[in-house]
Amino acid sequence: MHHFAYQDGRLFAENVDIETLAIDIGTPFYVYSEATLRRHFRVFADAFADAEILVAYSVKANSNIAVLKTLASEGAGADVVSGGELQRALHAGIPPNKIVFSGVGKTRDEMRAALTADIYQFNVESEPELRALGDIAVSLSKTASIALRINPDVAAGGHEKISTGKAEDKFGVPWSQARALYSAAREMPGIAVKGVDVHIGSQIADLAPFEAAFKKVGSLITDLRADGNVIDRLDLGGGLGIPYGKGAAPPHPDAYAKMIKRVTAPLGVQLIFEPGRMIAGNAGILVSRVIYVKESEERRFLIIDAAMNDLIRPALYDAYHDIIPVTDRAGRECIYDVVGPICESSDRFAKARALPELEAGDLVALMSTGAYGAAQTSQYNSRPLVPEILVSGAQHAVIRTRPSFDEMIANEHTPDWLS
Ligand code: LLP
């Protein structure tokens, strides 16, 4: 459920008319619906209303400060994977005791910053990382609360590039080493063992791989307790898929919650979640204008002013996004390849897509782009970073501006010998 819908044939974000925004802001731009962000957070949290949980929104999905502030006001924590994300979460007012720090390559500086901020938990992925964290904690006279991220060797995820729970993936502590590493961790100064962490991938559209992985870590918790560890937290990561308009509909959070409660109830642990896409994905759209319609013998190209630097998901993961006209139109359909202006063949949003007939100047919306859209943008081809707009009812605000040329080159410097 989201708040992008036609009113009298014109696409609105909540009560804001998209075409009017496009004239104001210029295209391309992202629009987010605050009501949708809030709704998704609540649907997720409410599904676990009777359990002890921390919902640590995965900042990587959409890290805009205004988005983080919206979620902070709902009581969200944060799952961060870099010093920059940690600073963003703190800046947005997310309390440190709701922040978990994930990632395979935390640097010592990042660990120092997170320990100084007194975050809730480090999800540690290897023995060298654990030793570094212990050393830094001791040097700061702090104790790092940790979970070890366990690789359960379960295949999942909407695309090979976003699957993380197989033994061959770089993520997590290998299953066979888990118990020994917990025993080592228990003896390390500066380290307090608190829980177990697992995250098997993203855009997972069925419950089976989740259930397989969660059962495995459940049995691990039993073994770890038998070994003398005190385990009172279980971080189940993110990964719940969203409907993208095509393919199997992923399970509703209620079904996901029901399965998890069934599997984890006997363990008596606090559950931590790191949802990203499920919160932000369907809360955003990318609005773009048709520059040209180009016809070749083989194909009809809809050349739009958004490109792979603005939304890389189709190029990187063959991702499908619905594309709809901003002005609803009946009549003839045409088959288009929808492409951007970048000089790469992979700068293509859709291949052989049936759309209402469109012409130069028309606006289109790429749907379900609130997660891993703006967060993965670049300035490739010296295209300015795409702006982001937040809508709340009938109000809107620019929450990331389009940089000017001077801003784009502000960090570039001409060496003396060239000036
Ligand atoms: N926790 C950890 C440790 C993660 O690595 C991720 C995502 C999440 C939570 C959030 O997962 P979500 O709930 O959003 O599925 N750029 C790709 C997705 C990469 C996901 C990376 N890790 C895409 O656009 O599909």
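Both ligands and their constituent atoms are indexed starting at 1 by order of listing. Nothing fancy with the numbering, it's 1 onward along the sequence. Here the structure is a predicted model, which means the values were calculated and not measured.
Applying the 4.0 Å criterion to heavy atoms of G276 picks out, from ligand 1, the atoms 12 (P), 13 (O), 14 (O). Each of the following atoms of ligand 1 lies closer than 4.0 Å to a heavy atom of S202: 11 (O), 12 (P), 14 (O), 15 (O), 20 (C). In the vicinity of P275, heavy-atom distances shorter than 4.0 Å reach the ligand 1 atoms 13 (O).
Residue-ligand proximity: R313 is placed with a non-hydrogen atom under 4.0 Å from ligand 1. Look at A61 and you'll find every heavy atom at least 4.0 Å from all atoms of ligand 1.
Checking only distances, R149 never comes within under 3.5 Å of ligand 1, N or O to N or O. Among the atoms of G201, none of the N or O lies under 3.5 angstrom from an N or O of ligand 1. Residue Q376 places at least one N or O, backbone or side chain, under 3.5 Å from an N or O of ligand 1.
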N/O donor to acceptor pairs below 3.5 angstrom from side-chain atoms of residues 214-223, sequence neighbours left out:
from: K215; atom 1: NZ; to: E211; atom 2: OE2; distance (Å): 2.9
from: K216; atom 1: NZ; to: P152; atom 2: O; distance (Å): 2.7
from: S219; atom 1: OG; to: K216; atom 2: O; distance (Å): 2.9
from: T222; atom 1: OG1; to: G218; atom 2: O; distance (Å): 3.2

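Aromatic ring orientation, F273 versus F44: perpendicular (interplanar angle above 60°, classes split at 30° and 60°).
Put simply, CD on Q7 and CG on D328 are 12.5 Å apart, with the number rounded to the nearest 0.5 Å. L358 CG to R300 CZ: the interatomic distance, rounded to the nearest 0.5 Å, is 10.5 Å.
Using a distance-only test at 3.5 Å, with no hydrogens or angles considered, a donor-acceptor pair links the side chain of E110 to the main chain of G83. Under the 3.5 Å distance criterion, the side-chain polar atoms of S145 are left unmatched by any main-chain donor or acceptor of K194.
With a 4.0 Å cut-off on non-hydrogen atoms, E274 touches ligand 1 through its backbone as well as its side chain. At a heavy-atom cutoff of 4.0 Å, ligand 1 is contacted by the side chain of S58 but not by its backbone. Contact annotation for D79 and ligand 1: only side-chain heavy atoms (C-beta onward) come within less than 4.0 Å of the ligand.
Judged purely by distance below 3.5 Å, without hydrogens or angles, the side chains of N309 and N381 never pair a donor atom with an acceptor atom. For the 3.5 Å distance criterion, the side chains of R233 and Q121 qualify, holding a donor opposite an acceptor.
Nearest to atom 13 (O) of ligand 1 by heavy-atom distance, out of G239, G281, P314, A319, is G239.
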